[in-house]
Structure formats: C-alpha cells, structure tokens
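Treat the numbers as computed from the prediction; the structure is a model and nothing was measured. First listed ligand is number 1; within each ligand, the first listed atom is number 1.
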Amino acid sequence: MRQRNKPWADDFLKDNDQLVIPNAMDHKGKWQSVFKNDYPIHVEIGTGKGQFLAGMAKQHPDINFIGIEVAKSIIVSAAEKVMDSEVENLLLLNEDAADLREMFAENEIETIYLNFSDPWPKSRHEKRRLTYHTFLEQYKEVLDTKGKVIFKTDNRGLFEYSLVSFNEFGMKLEEVSLDLHAMDDPLNVMTEYEEKFAAKGQVIYRSRASF
Ligand code: SAM
C-alpha cells in the first residue's frame with residue numbers, strides 16, 4: 001500500500017488516542033471494557049486505509065471491530081475514514097501484528113480477517129506469510145472455540161498455499177470461493193485492494209476456516 005510521509009502523523013495519533021489506542025498490550029484480556037460493552041471482538045490484521053472495517057462496523061453494530069495496521073501514515077488514513085463513517089464499534093491499533101498474543105488473551109477474539117495480506121512469494125520469506133503455521137498457532141490461542149479466520153486475496157499462489165496450510169494445521173474449511181464476486185454476496189464489504197483488483201477484472205478468492 002502506498003505510503004506518503006505525514007510529518008504530522010504523531011500529533012494526529014496523540015490527539016486521537018480514543019480511536020487509535022496506544023499501548024495495546026495494556027488492554028490484553030480487557031478489550032470489551034475498552035468498548036464498554038460485551039459484544040464479540042473481530043480483528044483485521046493489516047487494515048490499510050480502513051474501508052473494510054468501517055463498512056463492517058456499520059453493517060454489524062453489535063460487533064466490536066479492531067483494526068491493526070503497522071504503517072503510521074496508513075493508519076492515519078484509516079482513522080480519518082472511521083471518523084467520517086461515525087461508527088463507535090471500531091478501534092484501531094498502530095502495531096505490528098507479529099504476535100497477537102501480546103495484545104489479546106486466550107479466547108478473546110471471535111473472528112480474524114486477513115484481507116489482501118502481503119503475499120511474500122519467495123519461498124525464503126514463507127515465514128512472513130500471515131497464514132504460515134506459526135501465525136495459525138497464535139490465532140488458535142486468541143480465538144474462542146468457535147473462532148474463524150476469514151481470508152480474502154486476489155493472489156492465487158497465496159490462496160493455494162493458505163488452503164494447504166489451514167489443512168495441514170487441522171483447520172476445518174467452512175467456505176472456499178474461487179470467485180467471490182460471482183457469488184454476489186450482499187454482505188461482502190470490499191477492501192481498497194479488492195476494489196482495485198476487481199476493477200481490473202481480477203478474480204477474488206475467499207475462505208473461511210475454523211480450528
Ligand atoms: N487490507 C487492506 C486492503 O485489503 O485494502 C490493505 C492490504 S495491503 C496489501 C497490506 C497491509 O497490511 C499494509 O497496509 C501493511 O502496512 C499492513 N501490514 C503488513 N504486515 C503487517 C503486520 N505485521 N502488522 C500490521 N499490519 C501489517
């Protein structure tokens with residue numbers, strides 16, 4: 001995702017610390033109290049500019065959404081999008097999601113979304129793919145017993161790799177779509193990347209898997 005240098009980003013994040021929550025680790029195991037309700041928690045890793053979660057938060061007011069985005073200049077755009085959409089059930093974390101267990105307790109999350117994650121096509125970078133088994137291990141810990149991983153991508157190689165990885169980890173595939181947009185799912189909320197790739201005529205893949 002294209003990043004523009006935003007020298008004012010630090011000040012922006014300080015001024016908006018009710019939305020982009022600093023020190024995420026301090027809230028481990030207590031996220032529902034941050035939202036001040038007991039709705040389930042859904043987390044997106046690599047939120048980008050926030051279009052997906054802003055749409056999801058509007059569509060599902062009884063779910064608490066948390067978006068994690070490592071790039072400061074990008075999370076600023078996500079925060080602006082959240083403010084424009086006036087949703088209250090969505091928080092952002094400017095963190096590296098290298099280990100979700102640092103930020104979430106066991107069973108704290110109901111659903112994890114991976115949308116158009118970086119594909120890391122070289123085999124020497126396999127460990128960086130967000131569907132590599134070490135990530136699945138941590139997702140399993142922080143997800144509740146019915147927890148799901150919902151994954152969308154335009155990248156066929158990463159999709160094939162991920163299905164095998166889910167299977168080798170013993171996960172149950174509940175849905176696999178090889179052409180999501182042909183299904184015309186009225187509840188599908190498009191991400192920025194999804195819109196861009198779909199406009200070019202590329203097929204979008206989606207899977208839903210549980211442990
Ligand atoms: N999900 C968005 C979409 O579909 O439009 C953005 C996709 S973009 C290819 C991947 C995003 O994930 C980038 O914004 C990148 O900064 C973020 N990202 C990559 N690794 C991450 C990590 N370990 N923790 C948090 N964000 C990460």
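- In the hydrophobic clustering of ILVMFWY residues, with side-chain heavy atoms under 4.5 Å counting as a link, V142 and L93 come out together.
- Between S117 and ligand 1, no pair of N/O atoms sits closer than 3.5 Å.
- Test E174, H42, E175 against K148 for side-chain hydrogen bond (donor to acceptor under 3.5 Å, both in side chains) and you get one pass: E174.
- Cation-pi geometry between K196 and Y193 is satisfied (NZ or CZ under 6.0 Å from the ring centre, within 45° of the ring normal).
- The shortest N/O to N/O separation between E194 and ligand 1 does not fall below 3.5 Å.
- A donor atom on one side chain and an acceptor atom on the other are not found under 3.5 Å apart for Q32 and N64.
- Checking only distances, A71 never comes within under 3.5 Å of ligand 1, N or O to N or O.
- For ligand 1, the atoms lying closer than 4.0 Å to a non-hydrogen atom of D118 are 9 (C), 10 (C), 19 (C).
- Here D96 has heavy atoms under 4.0 Å from ligand 1 in both its backbone and its side chain.
- Across all their heavy atoms, L130 and Y139 have their closest contact at O-OH, 2.7 Å.
- Annotation: I74 places no N or O atom under 3.5 Å from an N or O atom of ligand 1; distance criterion only.
- Listed by number with element, the atoms of ligand 1 under 4.0 Å from a non-hydrogen atom of E44 are 1 (N).
- Backbone and side-chain nitrogen or oxygen atoms of F116 are examined, and none is located within less than 3.5 angstrom of a nitrogen or oxygen of ligand 1.
- V76 and L53 fall within a single hydrophobic cluster, where Ile, Leu, Val, Met, Phe, Trp and Tyr side chains are chained together by heavy-atom contacts under 4.5 Å.
- Heavy-atom neighbours of E88 CD from other residues, nucleotides or ligands within 6.0 Å: at or below the threshold of 12.
- Atoms of ligand 1 lying under 4.0 Å from any heavy atom of E192, numbered from 1 in the order shown and given with element: 5 (O).
- The residue L130 has no part lying near ligand 1, judged by heavy-atom distances below 4.0 Å.
- When all heavy atoms of E69 and G46 are compared, the pair lying nearest together is OE1-C, 3.7 Å.
- Distances shorter than 4.0 angstrom occur between a heavy atom of E95 and an atom of ligand 1.
- Looking only at side-chain heavy atoms (C-beta outward), N188 and H181 come within less than 4.5 Å of each other.
- Ligand 1 has a nitrogen or oxygen under 3.5 angstrom from a nitrogen or oxygen of T191.
- Listed by number with element, the atoms of ligand 1 under 4.0 Å from a non-hydrogen atom of A97 are 22 (C), 23 (N), 24 (N), 25 (C).
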